[in-house]
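Order of listing sets the numbers, starting from 1, for every ligand and every atom in it.
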Amino acid sequence: MNEQRLSERLERVAAHVPAGARLADIGSDHGYLLVALVKRGAIAAAVAGEVALTPFHAAQRSVRENGLSQRISVRLANGLAAIEPADGVTAISLCGMGGETIRDILDRDQARLSGEERLILQPNGGEQPLRHWLMEHGYRILGEEVLRENRFNYEIIVAERSEPVRYSAQELYFGPLQLQERSSAFLAKWQRLLRLKQCTLSHFARARQAVPEEKVQALTQQIGWISELLAQEGAKR
Ligand SMILES: C[S@@+](CC[C@H](N)C(=O)[O-])C[C@H]1O[C@@H](n2cnc3c(N)ncnc32)[C@H](O)[C@@H]1O
C-alpha cells in the first residue's frame, strides 16, 4: 500500500467520503488516505492529525513529496485537537484503531465537533461500544460495511448527527444496517466468531479459576444472538 494504491480497507473508507469534502483524518499514520484523495480530486482540503512523532513525520513526508502542503495540513495533536474551526471540516475519518479508542477520541473533545460533519469510522473491534456512543450522542448510522482483507475482518461505520435514534441491543451488537442487509461477508464474519466464542465458553467451563459470572452471561447471550441470526439465514435457504 502507498498513496497511489490504497489497501481495499482504505478504498472502502474513501468511498464514504463525500465528494469535495474538507476531511480530517485523525490517526492518519503515513497520510496515504488523504494524499490519495487529494490527488484524485475527490476532496477539497484535508487535515492529518497524529499523536505520535514517527507517523507524524511520515505524513509530513508524504504530503511534501507529493507537493500537497497547500492542501493538507499535518498536525501533531491528540485526537480532535488537530481540528480548528477555521478548517471548516465537513468529514472526519478515524480508522484502524479499536472502537473504544475511537469512542474516547470523539468523547474527549466534543466541543470540536460542529455536528455537521460526517463521521467515517473504521474500528478494529469494539464496534458495539462505539455504536452505543453514537446513539447516545444523537448520531444516526447511515452506512455500514464488513470486509475481509489479509485474513482480518474490518467494519466501517458511517454516521451523521440527526434527530434522536434508538437502536436495540442486537442492533448495537451487529450493526443496525448490517442486520438488515446480511451480506455474505457479514454472515461469514459471524460464523467465524461463533466458533471462537463457543470455544472460549468451553474454556471458561474448564477454567481452574472461576470466571466472573457476568462475563459468562455476556458471552452466553452473544452466542445466543449469533446462533439465532445464523439459524434465521439457514432457514431462508
Ligand atoms: C494502526 S494506525 C492506522 C492508520 C490509518 N488510519 C489506517 O487506517 O491505515 C493508528 C494510528 O492512530 C494514531 N493514533 C492513536 N491514537 C491517536 C490519538 N488519540 N490522536 C491521534 N492519533 C492517534 C497512532 O499513532 C497510529 O499512527
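- Atom CG of Leu68 and atom OG of Ser62 lie 9.5 Å apart (nearest 0.5 Å).
- Between Ala82 and Ile26, the shortest heavy-atom contact is CB-CD1, 4.1 Å.
- Looking at Arg75, Glu50, Gln122, Met97, it is Glu50 that brings a heavy atom closest to atom 26 (C) of ligand 1.
- Of the listed options Asp104, Val51, Asp29, Val51 places a heavy atom closest to atom 14 (N) of ligand 1.
- Looking at atom 8 (O) of ligand 1, its nearest protein heavy atom turns out to be Arg9 NH1, 2.7 Å.
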What do the steps show when you test Glu155 against Gln178 for side chain to side chain donor-acceptor pair (under 3.5 Å), and what is the final call?
CA-CA 10 Å; Glu155 290 209 17; Gln178 296 185 71; 3.0 Å; yes
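- With hydrogens left out, the protein atom closest to atom 1 (C) of ligand 1 is Gly96 O, 3.2 Å, a heavy atom.
- In this structure, Glu136 pairs ionically with Arg166, as a charged nitrogen and a carboxylate oxygen lie closer than 4.0 Å.
- Polar contact with ligand 1: present for Asn78 (N/O pair, distance under 3.5 Å).
- Within the structure, ligand 1 lacks Ala82 among the residues with a heavy atom less than 4.0 angstrom away.
- Each of Ile141, Leu179, Leu134 was checked for a side chain to side chain contact (heavy atoms under 4.5 Å, CB included) with Tyr167, and the lone residue meeting it is Ile141.
- Both the backbone and the side chain of Cys95 come within 4.0 Å of ligand 1, judged by heavy-atom distances.
- Of all the atoms in ligand 1, the ones that sit under 4.0 Å from a non-hydrogen atom of Gly79 are 18 (C), 19 (N), 20 (N), 21 (C).
- A perpendicular orientation is assigned to the rings of Phe174 and Phe186, their planes being inclined by more than 60° (bins at 30° and 60°).
- Residue Arg5 places its CZ atom among 12 or fewer non-hydrogen atoms of other residues, nucleotides or ligands, all under 6.0 Å distant.
- Under 4.0 Å from ligand 1, not a single heavy atom of Ser7 appears.
- Residue His30 has no N or O atom closer than 3.5 Å to an N or O atom of ligand 1.
- Each of the atoms 20 (N), 21 (C) of ligand 1 lies under 4.0 Å from some heavy atom of Ala77.
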Check against salt bridge (Lys or Arg N to Asp or Glu O under 4.0 Å), Glu116 and Arg22
CA-CA 12 Å; Glu116 300 297 315; Arg22 300 178 69 85; over 6 Å; no
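- The shortest contact between atom 12 (O) of ligand 1 and any protein heavy atom is with Gly27 CA, 3.3 Å.
- Checking only distances, Arg108 never comes within under 3.5 Å of ligand 1, N or O to N or O.
- Less than 4.0 angstrom separates some heavy atom of Ala52 from each of these atoms of ligand 1: 25 (O).
- Near Ile105, meaning under 4.0 Å from one of its heavy atoms, ligand 1 places the atoms 18 (C), 19 (N).
- For Gln70, the CD atom is loosely surrounded, since the number of other residues' heavy atoms within 6.0 Å does not exceed 12.
- Between His30 and Tyr32, the ring centre distance stays below 6.0 Å.
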